[in-house]
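Everything numeric in this text was worked out from a predicted model, so none of it was measured. Numbers restart at 1 for each chain; the letters A, B, ... are given by sequence-line order, proteins then strands. The figures that follow rest on heavy atoms only: side chains count, while hydrogens, waters and symmetry mates do not.
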Number of protein chains: 2
Amino acid sequence: MSKRVYGQFCGFSRALEVVGERWALLIVRDLLVGPQRFTDLFRGLPGIPTNVLAARLRELEDAGIVVRRVLPRPEGSIVYELTARGEELEETVVALGRWGAKALDAPRCGEVVTVDSLITAMRSTFRPEAACGVHCAYELHFGDVVVHMRVDDGTLVAGAGPIDDADLVIEASPAIKAVMAGEMSPPQAIESGAVRVTGDERLLARFADVFRI
Amino acid sequence: MSKRVYGQFCGFSRALEVVGERWALLIVRDLLVGPQRFTDLFRGLPGIPTNVLAARLRELEDAGIVVRRVLPRPEGSIVYELTARGEELEETVVALGRWGAKALDAPRCGEVVTVDSLITAMRSTFRPEAACGVHCAYELHFGDVVVHMRVDDGTLVAGAGPIDDADLVIEASPAIKAVMAGEMSPPQAIESGAVRVTGDERLLARFADVFRI
DNA sequence: CCGGATCCTCGGTGATACTG
DNA sequence: CAGTATCACCGAGGATCCGG
């Protein structure tokens, strides 16, 4: 028996042989947000060596999870994007993200928040059953990271950057986690300055209900 | 920045720091079936070095996912079992197992099937919506591995070993995957000898409908 | 600048032997 | 049975360099 195989005839261990390597699922997480160039991925994965990123991308490509595509003119640059097979990893990523969010405490020294990780976090905590009949657009600022969420009756579209018709703009600190976990009431969060909002303050309560840890 | 941390304030990357190590999720998968002793885990994870197993168990224990418990008399031996927090990983494990099962082709040379992996596979492929109104007990043999599934109206209880009141006993080969994936009809599977059954043969069609890749 | 390739170091993994 | 000890080795981490 040789390298990196688990020696079991089993879908789960076969899956781990493909996406169980260090950094692999983080790359998939970022690509779930959208196609990205090598440098975009590199910047979104603080600390990854470029050779490891290149190696993982090649492995994921060989496994049929990622495709390498040359953009049309004028950029002519290269983007990596998920195949349909790769997109199917979303439920796994969301499930693990939700599991991890429950135990997320305070940021450790040097930890950053990236656009893609924040979008995945919002997708992980989204509760369709709590969003029935809800039509609302949020813009969420976390440091200099900006994402937006459009909630439409049980469906969520989350993406990078601002949104023009936001019903509520939220400027969050790490304390927003306490609000989403139900440990701090929305009015109290605004009162204490943990969260600053622009728009109808009552929409924050709905936010905390729709995106719940 | 040092060892094994991803440097992101994000539930998903924090989760990977805990269960992203090699072998870790396989240990969790086996423990999801039930508490196990060190040697049981060792036998269920072909190829794992004992020091790695010991290290992972300690890490999972430190992370609050596993508890080490001393059995009461007369064995006095030690079992490892999941905490409530550890059990919450089931949806992630099932999601990844389902994803991997879709791409499972033929067994590679030297690959084995373990009891725990088979139970997880059955849990992953179970479709509650197809099991409405179904009350049936299956016993599944795969080589010398035997598991059972009791389906009761949208719920599944799967465990190790035989079951006394089985409605259908299935003796499967790797070709059973084709049946579960809808690539081979149940009668054809019996005809070709890919699957041998004891009991009402028509129950195999229901089996293939309830457990679907 | 982008998309890597190369080199080197170090720690974790894998395999085996050994012990309470 | 339940691990610990030892050691070779490979891949991750970190920096630098290179072709388009």
Rounded to whole angstrom units, what separation is found between the [atom1] atom of [X] and the [atom2] atom of [N]?
X     : N      : atom1 : atom2 : value
A/L41 : C/dC1  : CG    : C1'   : 17 Å
B/F42 : C/dT16 : CZ    : P     : 10 Å
B/L26 : C/dT13 : CG    : C1'   : 15 Å
B/I48 : C/dA15 : CD1   : P     : 11 Å
A/I27 : C/dG3  : CD1   : P     : 14 Å
A/R43 : C/dG4  : CZ    : C1'   : 15 Å
B/R58 : C/dG12 : CZ    : P     : 15 Å
B/E21 : C/dG11 : CD    : P     : 15 Å

Starting the side chain at C-beta, find the nucleotide from [options] nearest to [X].
X     : options               : answer
A/A54 : C/dT13, D/dA2, C/dA5  : C/dA5
B/R56 : D/dG13, C/dG3, C/dG12 : C/dG12
B/R68 : C/dG12, D/dA2, C/dG4  : D/dA2
B/R22 : D/dT4, D/dA2, C/dT13  : C/dT13
A/T39 : D/dA2, C/dG4, C/dC2   : C/dC2
A/Y80 : C/dG4, C/dG3, C/dT13  : C/dG4

Point-to-point distance, once rounded to the nearest 0.5 Å, from [atom1] of [X] to [atom2] of [Y]:
X      : Y      : atom1 : atom2 : value
B/L32  : B/E88  : CG    : CD    : 11.5 Å
A/L156 : A/M122 : CG    : CE    : 8.0 Å
B/W99  : A/R14  : CH2   : CZ    : 12.0 Å

Test item: [X] and [Y] side chains (from C-beta on) under 4.5 Å apart, heavy atoms:
X      : Y      : answer
A/F38  : A/I78  : no
B/V28  : B/V66  : no
A/V145 : A/T114 : no

* Please determine if B/R58 and B/E61 form a salt bridge, counting it only when a charged side-chain N lies under 4.0 Å from a carboxylate O. => no
* **Rounded to 10 degrees, the angle between the two terminal axes of the helix from C/dC1-D/dG20 to C/dG20-D/dC1, each from five pairs** => 30°
List every contact pair, protein side and nucleotides 7-10 of chain D side both N or O, where the distance is under 3.5 Å.
none

* Asked: Got a donor-acceptor pair under 3.5 Å from the side chain of B/T50 to the base of D/dA2?
  -> no
* Asked: Would one find more than 12 heavy atoms of other residues, nucleotides or ligands at under 6.0 Å from atom CG of A/D62?
  -> yes
* Report the relative orientation of the aromatic rings in B/F126 and B/F211; use parallel for angles under 30°, tilted for 30 to 60°, perpendicular for over 60°. => tilted
* Asked: Once the angle between the rings of A/F142 and B/F9 is folded into 0 to 90°, is it parallel (under 30°), tilted (30 to 60°) or perpendicular (over 60°)?
  -> tilted
